[in-house]
Structures are given as structure tokens and as C-alpha cells.
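Please read the structure below before turning to the comments.
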Amino acid sequence: MSRFSKSLLALALAGLAGSVSAFDNYKGLGRPATEAEIKAWDIDVRPDFKGLPKGAGSVDLGAEVFEARCASCHGSFGESNEVFTPLVGGTTQDDIKTGRVQSLRDGSAPQRTTLMKVATISTLFDYINRAMPWTEPKSLKPNEVYGILAYLLHLAEIVPADFELSDRNIAEVQKRMPNRNGMTTDHGMWPGKGLGNGGKPDVKNVACMRHCKKEVQLVSSLPDYAADAHGNLAEQNREVGQARGKVTGAKSEAKAAEPLSESARLSQLANTSGCMACHGVNGKIVGPGFNEVMAKYKGQAEAETQLAHKVKAGGAGVWGSVPMPPHPQLSDADAAALVKWILSGAPAK
Amino acid sequence: MANPMKIRAASKDGVTEVKVLMSHEMETGQRKDSSGNLVPAHFITELTATWNGKTVLEAQFGPAVSKNPYLAFKFKGGAKGDKVVVSWKDNKGDSRTDEAAIA
């Protein structure tokens, strides 16, 4: 075991015991996580319901919260709009009896929905609690998560309309999950003995012990002219972890040292503000492509102010029924500059 | 008999928005099953929606509409508690009627 992983283990133990002593080896480095920090981080809910917060929520409460916070992306009935896969559908009363979803096997449902796939209700609770709504994760109260879950289960006819889901009856509902018996462990994704094939991995990489090659020999590589076909790879990798993209493309290399131009700054701002998750420069993703936005508003003087306002306030109906969420964190100046930049073709440099 | 529709109706500023999720195979009649036989056409042909007994929407559906169709529409008027009723008929003579109170 490396020194590094030992200290990680110590950190985990220190967290559990809430003690200080584990840091003695690394004087002056870091500090133990506080109990409040651990509590904020340790929110997972497990299949045996360890970690499940106490609470309760009715189908009616869930219907209300779902309509307000989730329906814009997932549809009022979890049927979803054209962008996201549906949450509900494709399950039958028979599946609730058998615990295996028939439509997964015969392909009779047009799309695979969440409730067709998920085997454990704890996973759904955990996911919604930690990750949704997409634009405001961790903003739901436990009772709201219970209510939303009750509503989704009711849409799939797993629980009746007057049902209230709580930490006390959730284990009973697990016994009615349509795909509860659909999870397989007989494959190498599951390490350890006692699970299916004994945890034999599906990839084998045996360390060479004899007659090994002494040095790495590259047998093929992208020619230089093709290396930057996808832009500068170095700029596209996260700055954490070991993998670094190779710097590709002579131009961006040469310019790296220069101060950023205004367009480059705005291009970065669009990235860090999350715009590019939903907009392509040259095509639709969730929202319209910036080229389409430019084509639509070119030469319209009032458009800029209106669009800047819409970017901050969010809205729907111009390009379809999918709404853009609000971006209150953008300053007015940045919102206006971003719109100007979009209407001038969203240049990268 | 077909499964119930899911209906939500909500009024705001004098306009009621109705959302309906139907449960129907919507077979086009053009698809073949695994043994090569045509799957017979089976689709909704007509849909009506009423508000307190007055028709607010009439639609003709055809085989181009997807399985389990979703429909949303708005009409002027409607108050909390009013009844919205949606009915469909299909080409095999089956039909279904469901209702919801405006929220």
C-alpha cells in the first residue's frame, strides 16, 4: 500500500471517529474534515436503506413539486420532451408481480424508461436527492423527494393515488419495483467471490515477467495535419487527474502565451457559465445552435437587449417547448456581451 | 379495454392548459412481426375534449402518431374545479373516456 492511500484510509477513519490524530504524520498539511462537512458529503442512500433520511411525501405533494421543478425537462407525466429519455412508462402489472420488465426483453416499449431499468428504489431516491433538478441539485427537501418518488411510482401504477411514501414503508414498495429482479451480477463488473462468476473481470492484463519489451514502441500515430482535427486537445481535458491532452495545432500553441482577446474571453465565459452544455456553436443540442440564433436575429437592433434579458431570466416558446433555465449569476454586462458575441458568430478567438 | 389516460389541467390568467398522456399501441399497419406477417393497423382516429360539457378540442388522429401519444393544448376560460373530459375512439371501435378537475 502506498503512503498516499494509507493517508486516505486514515482520513476516512478520522472522519468516522471525528478525531484529529491521523494528521500527525503530515504536520501543517490540511485539517480533519469537520462533522458538518462529512454530513454534507455523506448523503448516499443504499439498497438496504442505510443513509435514508427520515420523512414522508404524498403523491399529491409530489405531483405539485414535479410540475414546478421537474416537468419542464421531464414532462408532466415523466414522459419527457424530445430531448430527455422518459422516466415512466413501459412497465406493466405483470412486471410488478415478476420483478422482471418484459418490454426490456421484447423491445415493445419505444424507449427504455428509468422505471423499466432501475432495480432498487434507493437508487432513485439517491439520484433525485443528489442530482435533480439538473440546474439546482441538492435543493429538494427530503419530504419533497419522497413525494416526487411517490408521484413517479403512482404514474407507473406501482402505488395508488392516495399513497404516502415514507422511510417506514419504502422497503415494502421495493418489493413492487418492476425490475427488482432484473439486475445481474454474473459478470466481471462485480468484483469479489459469491457474486455470479466469482468476479472474473472481462479484461485481462497480466504483468509481463519474462522476455519483456524494454521500451515502448509506437506503431501508429495521427499525422500532424490531422492531430488537431478536434481542436487543441490540451484545452479539452480537465485539469485534475493524471490524463493531460496533448497540445495539438501549431496555432493555439503559439498563441497560448498572449493575453486573451475579448472573443476568447467570451468563449471561455460561455463554457464556464454552462451555455455550451445546451448550445452548440454550429448546431442544436438542448437549445438552438448559436448559428441559428444569429441567423434569426441578425440586423434586429432591439434583439440584443431582449435576448440578454432572456439569458438571465430563462424562458421557452421561441424554439420549442423546452425551456432555458435562468442564469441569475451572470452580470448584466456579461449577459449583454455574451449575446453580442453570439450574434457575431460566436468566434472562438 | 384500454388503460386510463393521464390528464392534468391547470388554469392561469384565464387560460387553461390541458396535458394528456394516452395509452395506446398506435400500430400503423405497415410493420411486420418477427415471422413476417403484417401487424394489423390499430390507432386512435378521433379525439374530443370538453370543458363543462362544451367541446374545446376536436382532433383527427392517424397512424403517424406515436405509441402512447402525448397531447397538450390550451383553451380560454376554465376555473379551478371545473371538469375537463377527454375521449378517444380507435379504428377497431374501441374507445376510452377520462376526466380531470382543473387545478
Side-chain angles (χ1 to χ4, degrees), chain A residues 58-96 102-103 105-113 115-116 151-161 178 316-317 320-323, chain B residues 1-13 15-37 39-44 47 49 61 63-74 78 80-81 84 86 88 96 98-103:
Chain A
S58 64
V59 171
D60 284 345
L61 170 78
E64 227 168 87
V65 182
F66 195 86
E67 187 65 29
R69 311 280 310 268
C70 322
S72 58
C73 291
H74 291 295
S76 287
F77 311 106
E79 84 287 354
S80 292
N81 52 47
E82 70 267 29
V83 182
F84 305 116
T85 52
L87 304 181
V88 183
T91 61
T92 63
Q93 289 303 317
D94 232 29
D95 300 340
I96 294 175
Q102 182 60 24
S103 62
R105 301 196 233 192
D106 62 20
S108 59
Q111 275 176 300
R112 293 182 168 200
T113 72
L115 279 175
M116 278 164 64
Y151 176 64
L152 293 175
L153 293 166
H154 169 58
L155 287 175
E157 285 152 31
I158 298 168
V159 302
S321 59
V322 185
Chain B
M1 223 194 42
N3 285 324
M5 284 176 255
K6 289 165 185 138
I7 307 175
R8 283 185 79 82
S11 80
K12 197 183 157 201
D13 304 330
V15 174
T16 299
E17 178 168 29
V18 183
K19 299 175 182 171
V20 188
L21 188 67
M22 289 154 250
S23 175
H24 201 284
E25 279 306 317
M26 300 302 287
E27 271 300 341
T28 60
Q30 318 242 20
R31 229 162 46 89
K32 287 183 178 153
D33 65 16
S34 49
S35 40
N37 303 317
V39 183
H42 185 202
F43 54 86
I44 296 176
L47 178 138
F61 275 36
V65 177
S66 78
K67 176 168 177 165
N68 299 338
Y70 172 76
L71 172 75
F73 63 92
K74 295 177 183 169
K80 211 176 154 76
V84 170
V86 182
W88 55 251
R96 170 98 223 169
D98 291 288
E99 61 180 61
I102 297 178

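Throughout, protein chains are lettered first and strands after them, A, B, ... in sequence-line order, and every chain is numbered starting at 1.
- In this structure, the separation between CD on A:Q111 and OG on B:S66 is 9.5 Å, given to the nearest 0.5 Å.
- The pair A:E67-B:K19 counts as a salt bridge, with a side-chain nitrogen and a carboxylate oxygen less than 4.0 angstrom apart.
- Open room surrounds CZ on A:R112; 12 or fewer heavy atoms of other groups in view lie less than 6.0 Å from it.
- Side chain of B:K67 to main chain of A:S108: a donor-acceptor pair is present (N/O by atom type, distance under 3.5 Å, no hydrogens or angles).
- Here the shortest heavy-atom pairing between A:L155 and B:K6 reads O-NZ, 2.9 Å.
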